[in-house]
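First comes the structure, then the notes that go with it.
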Amino acid sequence: MKIAVVTVYDGLNYGSYLQAFAMKAFLEARGHEVVFVQRKTEEENLALFTTKRPEEACDPVRRLWRSLRRRTVLKGQIEKENQYYRRQFPLYQEVWKCFSLVCPEQLDDVDCIVCGSDEIWNPGNLNIDVPFYTCAEYGRDIPKIAISVSVGNAAAVDFAACPEAVRAMENFAAILARDSHSQTVIGELTGCDVQYSCDPTLLVGRELFAERGKMPEIAGEYMLVYTYGLTEEESRVIRRFAAEHRYRIVSACMDISIADQVVNASPLAFAGLVEGAACCVTTTFHGTIFSLLFAKRFCSIARYPKIEELLKETGTRQHLWDGLANGGFEKCMEEEKNQKALDMHLQEIRRVSLAQIDRALAAVEGVAR
């Protein structure tokens with residue numbers, strides 16, 4: 001089949017890129033032709049991340065408040081963030097070239113639409129257009145399935161502002177969600193039997209990502225930290241641990257205060273950064289996935305239930321830290337993974353997910369034009 005994938009392939013975020021890259025590889029390995037539906041041009045994408053939420057999306061009072069903040073206390077912070085995105089943008093532009101893009105109006109020869117994965121159905125994410133990612137206004141006569149979609153932490157009531165998206169979900173031939181919370185919420189909204197499928201990065205295995213990106217130079221043993229932010233207590237504990245073990249603290253892209261080195265690298269180099277680390281610390285879902293796939297030791301600070309759920313499914317909850325106790329962090333790092341047991345958990349997750357995805361694809365293939 002010719003499949004059009006609807007997902008955030010172009011977010012300036014390692015996880016969103018890697019899940020799209022994995023989805024492409026997974027579907028192509030099954031003999032399908034894959035294109036991606038383009039929501040924004042590259043110029044619009046850069047503008048979104050360097051200017052943040054558009055002014056027209058704010059009420060007048062908040063617009064004035066934001067304007068004053070930008071000119072005073074947030075001026076330096078905003079400029080720092082803009083510099084970061086401008087440094088990273090060329091690296092993403094290069095790897096986006098692997099995706100064949102089509103506009104929503106160019107789907108005449110497409111046999112199936114796959115929505116997923118990631119939090120593309122999360123109305124609480126200001127950068128996500130849920131009606132777009134549910135195909136509410138295009139591709140109506142094309143069979144659709146959702147693979148590994150997530151609503152993030154959104155509840156069913158949060159979809160009141162986008163009823164057209166809910167109506168679009170109801171027309172999907174199959175919906176597979178990435179976590180149990182999303183299964184529950186989407187099931188409540190649609191009345192559908194929502195099954196589970198894992199993130200695409202777990203479907204393809206670590207071999208896909210090995211040695212694909214140019215690695216930055218890092219001297220000596222290092223602790224890789226991949227996070228959007230840490231509390232003061234978390235920072236203190238991590239700094240102390242790194243100093244005791246003589247690790248350099250390397251941050252993947254994010255300019256965090258405790259980092260000895262911030263590396264700007266292609267998302268395809270992320271696996272190499274994880275694999276080369278003495279240990280890893282992350283607060284993110286995909287940081288946890290790649291730590292499971294590559295890291296010798298790691299600690300995951302679960303900001304979201306999906307992370308704790310992933311660790312439970314893989315039998316690695318001992319690597320979960322509550323962000324408070326120093327001893328708890330050290331215990332996470334002391335725990336050597338039982339690679340054989342972990343691989344068995346991952347194989348079972350893949351087996352269950354593959355069965356669900358193959359069943360969904362076979363159902364739409366029978367009715368594809």
Side-chain angles (χ1 to χ4, degrees), residues 12-16 18 73-74 76-78 80-81 84-85 88 119 124-125 152-153 179 181 199 216 218 220-265 267 270-271 273-337:
L12 298 190
N13 170 286
Y14 280 171
S16 64
L18 289 167
V73 295
L74 289 183
Q77 177 185 331
I78 290 172
K80 187 177 181 180
E81 290 178 358
Y84 157 71
Y85 286 118
Q88 282 294 118
E119 294 186 17
N125 187 324
N153 288 346
D179 55 83
H181 174 71
D199 190 85
I218 303 173
E221 285 196 302
Y222 64 93
M223 169 195 287
L224 183 69
V225 179
Y226 183 51
T227 178
Y228 295 108
L230 297 166
T231 67
E232 289 186 11
E233 179 62 15
E234 289 164 355
S235 298
R236 184 189 67 78
V237 171
I238 293 168
R239 267 198 307 263
R240 178 179 174 181
F241 182 88
E244 288 176 350
H245 292 80
R246 298 183 179 180
Y247 295 145
R248 287 175 56 79
I249 298 178
V250 173
S251 174
C253 295
M254 312 303 177
D255 192 3
I256 59 174
S257 61
I258 65 171
D260 298 305
Q261 181 177 349
V262 178
V263 295
N264 293 297
F270 184 61
L273 289 172
V274 175
E275 189 174 21
C279 56
C280 300
V281 180
T282 186
T283 61
T284 75
F285 182 70
H286 284 99
T288 302
I289 286 178
F290 278 81
S291 293
L292 286 168
L293 292 174
F294 288 99
K296 297 175 184 176
R297 294 175 294 147
F298 77 96
C299 170
S300 185
I301 307 170
R303 300 276 196 253
Y304 305 101
K306 61 186 178 183
I307 297 176
E308 187 168 1
E309 184 175 322
L310 172 65
L311 293 174
K312 181 179 178 181
E313 288 176 349
T314 54
T316 54
R317 289 193 79 257
Q318 67 269 28
H319 292 281
L320 181 66
W321 181 44
D322 62 8
L324 298 174
N326 188 356
F329 180 83
E330 292 181 349
K331 187 175 181 180
C332 287
M333 288 302 194
E334 288 170 0
E335 289 281 353
E336 291 287 346
K337 294 198 305 294

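Just so it is clear, the values below take in all heavy atoms, side chains as well, and ignore hydrogens, waters and symmetry mates.
Panel note: side chain Tyr222, backbone Asp260; no donor-acceptor pair is recorded below 3.5 Å. Side chain of His319 to main chain of Ser300: no donor-acceptor pair is present (N/O by atom type, distance under 3.5 Å, no hydrogens or angles).
Scanning all heavy atoms of the two residues, the minimum distance from Tyr226 to Thr282 falls at O-OG1, 2.9 Å. Heavy atoms only, all atoms of each residue included: Cys332 and Gln318 are closest at SG-O, 3.5 Å. Nearest approach of Asp179 to Glu309, heavy atoms of both residues: CA-OE2, 3.6 Å. Counting all heavy atoms, side chain and backbone alike, Gly152 lies closest to His181 at O-CD2, 3.1 Å. Contact record, Ala277 with Cys280: CB-SG, 4.0 Å, taken as the closest heavy-atom pair. The two residues Met223 and Val281 make their nearest non-hydrogen contact at SD-CG2, 3.8 Å.
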Pairs under 3.5 angstrom only: tabulate donor-acceptor contacts from the side chains of residues 246-254 to other protein residues two or more places apart or in another chain.
| unit_1 | atom_1 | unit_2 | atom_2 | d |
| --- | --- | --- | --- | --- |
| Tyr247 | OH | Arg297 | NH2 | 2.5 |
| Arg248 | NH2 | Gln261 | OE1 | 3.0 |
| Ser251 | OG | Met254 | O | 2.4 |

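Residues meeting the side-chain hydrogen bond (donor to acceptor under 3.5 Å, both in side chains) test with Asn153, sequence neighbours left out: none. A search for ring-ring contact (aromatic ring centres under 6.0 Å, His included) contacts involving Phe290 returns Phe209, Phe270, not counting sequence neighbours. Annotation: side chain to side chain contact (heavy atoms under 4.5 Å, CB included) contacts of His286 (sequence neighbours excluded): Gln19, Asp118, Arg178, Asp199, Thr201, Ile289. By the side chain to side chain contact (heavy atoms under 4.5 Å, CB included) test, Glu234 is found to be paired with Leu230, Thr231, Ile301, Arg303, Trp321, residues two or more places apart in sequence or in another chain being considered. With sequence neighbours excluded, the residues forming a side-chain hydrogen bond (donor to acceptor under 3.5 Å, both in side chains) with Thr227 are Thr283, listed by chain and number.
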Given side-chain contact (heavy atoms from CB on, under 4.5 Å), test Phe298 with Leu292 step by step and report yes or no.
CA-CA 8 Å; Phe298 77 96; Leu292 286 168; 3.7 Å; yes
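The pair Glu233-Arg236 meets the salt-bridge criterion, since a charged nitrogen lies less than 4.0 angstrom from a carboxylate oxygen. Note on Lys306 versus Glu313: no salt bridge recorded, every NZ/NE/NH1/NH2 to OD/OE distance being 4.0 Å or above. Note on Arg240 versus Glu244: salt bridge recorded, some NZ/NE/NH1/NH2 to OD/OE distance being below 4.0 Å.
From Phe241, atom CZ reaches atom CZ of Phe329 across 5.5 Å, with rounding to the nearest 0.5 Å. Summarising the geometry, atom CD belonging to Gln88 is positioned 4.5 Å from atom CG belonging to Asn264; distances are rounded to the nearest 0.5 Å. A distance of 6.0 Å separates CD1 of Ile307 from OG1 of Thr284, quoted to the nearest 0.5 Å. Rounding to the nearest 0.5 Å places SG of Cys279 at 4.0 Å from CE of Met333. Taken to the nearest 0.5 Å, the CG atom of Leu311 stands 4.0 Å off from the OG1 atom of Thr316. For the atom pair OG1 (Thr288) and OH (Tyr304), the distance works out to 12.0 Å, reported to the nearest 0.5 Å.
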